[in-house]
Every structure is written in C-alpha cells, then in structure tokens.
Number of protein chains: 2
Amino acid sequence: MGHGADVRITATARERLEAVGAADVAAALQALATPSRLRILARLQEGPCAATELADAVGMEQSACSHQLRLLRNLDLVTAERRGRSVIYALHDNHVAELLEQALHHVEHLRLGLRDAPAGPGAEAAGNR
Amino acid sequence: MGHGADVRITATARERLEAVGAADVAAALQALATPSRLRILARLQEGPCAATELADAVGMEQSACSHQLRLLRNLDLVTAERRGRSVIYALHDNHVAELLEQALHHVEHLRLGLRDAPAGPGAEAAGNR
DNA sequence: TGAATGCATGAACAGATGTTCATGTGATCC
DNA sequence: GGATCACATGAACATCTGTTCATGCATTCA
C-alpha cells in the first residue's frame, strides 16, 4: 500500500459541483430565485398551509400559485397532502428551511454592503469597491 | 410604556424577506442559479483569476464569461482589480464562499433524496413521497 | 506610433420563465 | 344527481436570460 500519502479528504467546490451536476444545482437554486416562490416558501416555514390560503397569504392568483407549487413539488422542495378537498402544502424538510434561512442571512449581509474578509488566498489589497 | 410585553426577538422568514426586499433576495439567488455562473464562482473559490484564464477554466467564450462577470460584479458577488493588462477577479468575501458552500451542501442532500425531518409544526404523518 | 493583447460592451437572437385566462378534475354538500 | 368548492392543467403571451457576433477601449510592447 504505497508510502503513506497525504490523501486529500476535501473536494473542491468545482469538483463537488460537477459531481452533483452543475445544472441540477442551478435548478435547485433557481427554485428560490423568484419573489413569488420565496414568499411561498417563507410562508410555509411558519407551518403547513392549504393551497388557496397560501395563494391568498402571498398575494398571488390561485392559478399562478398552483403553477409555482408544482415546480416546487417537482424539485422536492415542498410536499403536498390531500386533506378533504384541500391540499396541504409544507416544506419538504428542514434542509429547505435552512437553505432559505442561509439565503436570507447572507443576503441581509450583502444588502448592507458589508464585507468580512476578502475571501481566498492571494486576494491581497483588493481595496473594496 | 405599556405593561412589560413578551417582545418578540426573532423575526419570521416572511418578515425578513419583505424587509430586505423579496426581489433583491431573488436577484441574489438568481446569480447562483446558472451552471456557467456556478462554475465561475466555484473556480474563484480556489483563488483569484484573470478573466481570460477564468473563461478558459470554465469552458466559456471570453465574451460570454465577461457578460456574466459583469452581472456578478453588479451584485457584489465578485471583485475586479486591474493588474497590468489583465483584470483579476475574486470572490467578494467569505460570505459568498459560504453561500456557495451551503448551496452545494444542501443540494447534495436533495440530490440524494434524503429527508431529515418533515419541517414545521403540524406536518404530522406527511408520509414521504 | 502602430500592432497586439486582454477585456468590455452593444445588438441580435433563441430559448426559458412567470403570469393570466379558460377549462378540467376530484371531493363535499344539498 | 347537480351544484359548489378547492385545486390542477394547458395554451397563449409578454418578458427576461444567456449566448454569439462584431466591435470598442485600454494597456503593453516593438
């Protein structure tokens, strides 16, 4: 077994990106990349909700909301459960909630124009903006 | 001054979303929502890089890459610094790197079809899929 | 100064996206 | 059964998006 090499444990972001499929990662992020869907997910984070009530809560027409819900369903971001004549929607799992949380958290920073550290080795004296 | 009320410290995702501006959050996420830009950011996470070299690294034409870099610059996701006749690009700060990391992390889970917890109160017996 | 290099920009175009309108389907109530 | 409620779906449409092509601007070198 060769001479104890420094096995690289961490994969680069590039490697992980291609491993998972850049297109799929992009698709998942796109699902969060619209005001209407963000509102839908944000509302669902407060708890499950029927389709019509949901549409009303986010100020969308029923049809438009239903179309977006289908998209979110197809990407496994939300679940749908029939209950009487209603269909109750909910976030698929906590990962979705966390992803939304992270997106909000980071954008709140970007929005403030903050900048913690210049990121990456060699980025010396990058003089902000 | 009213009688000592239970001041709510944590804002809901919905409140934070509207406070920051749902459209702006969506725009920031959209910047990560395309294979080409994901590849650009992933490459930059390994360190700063000149424009042409960057385009080559991600397999894009110079012009297409430049257009996307402008978009990323406008959203403060990357920085540009002139160096001789090259322009060195880098991630704006560690928050961008973390956002990319989080996106990858979560999508790796979604990609596996995993499901940790049904998310949200009242999501009882949601019977997966 | 003129040529070449490195990058940015504008126009144009194909494809994707989100909404509305109209209609369809399934469940409940009379 | 028929009416109604709750939601889904398809088509049409306007808008947005990402790429290519051509060209422009700035910097370095001969």
Side-chain angles (χ1 to χ4, degrees), chain A residues 17 21-44 48-90 126 129, chain B residues 17 21-44 48-90 126 129:
Chain A
L17 182 60
D24 287 18
V25 179
L29 284 167
Q30 260 242 317
L32 299 182
T34 210
S36 58
R37 286 190 299 260
L38 276 174
R39 280 193 257 265
I40 289 173
L41 293 175
R43 166 58 187 83
L44 289 182
C49 184
T52 300
E53 184 189 340
L54 181 53
D56 201 59
V58 300
M60 297 180 71
E61 288 206 356
Q62 180 269 320
S63 179
C65 191
S66 184
H67 278 296
Q68 300 307 321
L69 285 171
R70 173 157 68 150
L71 192 156
L72 294 174
R73 250 164 35 213
N74 290 339
L75 288 170
D76 281 333
L77 290 173
V78 303
T79 60
E81 182 196 3
R82 183 120 226 171
R83 182 115 181 189
R85 47 183 155 185
S86 296
V87 173
I88 309 297
Y89 279 90
R129 306 191 156 269
Chain B
L17 182 60
D24 287 16
V25 178
L29 284 167
Q30 260 242 316
L32 300 181
T34 209
S36 59
R37 286 190 299 260
L38 276 174
R39 281 193 256 263
I40 289 174
L41 294 174
R43 166 59 187 82
L44 289 181
C49 184
T52 300
E53 185 188 341
L54 182 53
D56 201 59
V58 301
M60 296 180 71
E61 288 206 357
Q62 179 270 320
S63 178
C65 192
S66 184
H67 278 295
Q68 300 307 320
L69 284 171
R70 172 157 70 149
L71 193 156
L72 293 173
R73 250 164 35 213
N74 290 339
L75 288 170
D76 281 332
L77 289 173
V78 304
T79 60
E81 182 197 2
R82 182 121 225 170
R83 181 116 183 189
R85 48 184 154 185
S86 296
V87 173
I88 308 297
Y89 280 89
R129 307 193 154 269

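Proteins come first, then strands; the chains are lettered A, B, ... in the order of their sequence lines, and each starts at number 1. From a predicted model like this one, the values you see are computed outputs, not experimental measurements. Values below: all heavy atoms of this structure, side chains included; hydrogens, waters and symmetry mates excluded.
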### Query
Within the structure, does a side-chain N or O atom of A/Arg70 lie under 4.0 Å from either OP1 or OP2 of C/dT19?
no
### Task
For the residue pair B/Tyr89 and B/Arg73, establish whether any side-chain heavy-atom pair is separated by less than 4.5 Å.
yes
### Query
Roughly how many Å is it from CG in B/Leu54 to P in C/dG6, rounded to a whole number?
15 Å
### Query
Given side chains that start at C-beta, do those of B/Leu29 and A/Leu38 come closer than 4.5 Å, heavy atoms only?
yes
### Task
Respond yes when some side-chain nitrogen or oxygen of B/Tyr89 is under 4.0 Å from OP1 or OP2 of C/dA8, and no when none is.
yes
### Task
Could you check whether B/Ser66 gets within reach of a base, just the sugar-phosphate, or nothing at all, counting any heavy atom under 4.0 Å?
base
### Task
Taking the side chain as every heavy atom from C-beta outward, state whether A/Ile40 and A/Val78 have any atom pair closer than 4.5 Å.
no
### Candidate nucleotides D/dA8, D/dA6, C/dA8, ranked by approach to the side chain of A/Val87 - the nearest
D/dA8
### Query
Rounded to whole angstrom units, what separation is found between the CD atom of B/Glu81 and the P atom of D/dT27?
14 Å
#### Entry: Residues which pass side-chain hydrogen bond (donor to acceptor under 3.5 Å, both in side chains) with B/Arg85, listed by chain and number, not counting sequence neighbours
none
#### Entry: For B/Glu53, salt bridge (charged side-chain N to carboxylate O under 4.0 Å, His left out) partners two or more places apart
B/Arg43
### Query
Side chains of B/Leu54 and B/Leu69: closer than 4.5 Å at any heavy-atom pair?
yes
### Query
Quick one: A/Ile40 CD1 to C/dG18 P, roughly how many Å, whole number?
11 Å
### Query
For the pair made of CD in B/Glu53 and P in C/dT5, what is the distance, rounded to whole Å?
18 Å
Distances for protein N or O near nucleotides 22-30 of chain C N or O, under 3.5 Å:
none

### Query
In whole angstroms, how far is the P atom of C/dT17 from the CG atom of A/Leu75?
10 Å
### Task
For residues B/Val58 and B/Ser36, determine if any side-chain heavy atom of one lies less than 4.5 Å from a side-chain heavy atom of the other.
no
### Message
From CG of A/Asn74 over to P of C/dT17, roughly how many Å is that when rounded to an integer?
### Response
13 Å
Give me, pair by pair, the N or O atoms of the protein and of nucleotides 14-19 of chain D that are less than 3.5 Å apart, along with how far apart they are.
unit_1, atom_1, unit_2, atom_2, d
D/dT17, OP1, B/Gln30, OE1, 3.4
D/dG18, OP1, B/Arg37, NH1, 3.2
D/dG18, OP1, B/Arg37, NH2, 2.7
D/dG18, OP2, B/Arg37, NH1, 3.1
D/dT19, OP1, B/Ser36, OG, 3.4
D/dT19, OP2, B/Gln68, NE2, 3.1

### Task
Apply side-chain contact (heavy atoms from CB on, under 4.5 Å) to B/Ala28 and list each qualifying residue two or more places apart in sequence or on a separate chain.
A/Val107
### Task
Could you name each residue pair satisfying salt bridge (charged side-chain N to carboxylate O under 4.0 Å, His left out) that touches residues 27-40 of chain B, not counting sequence neighbours?
A/Glu18-B/Arg39
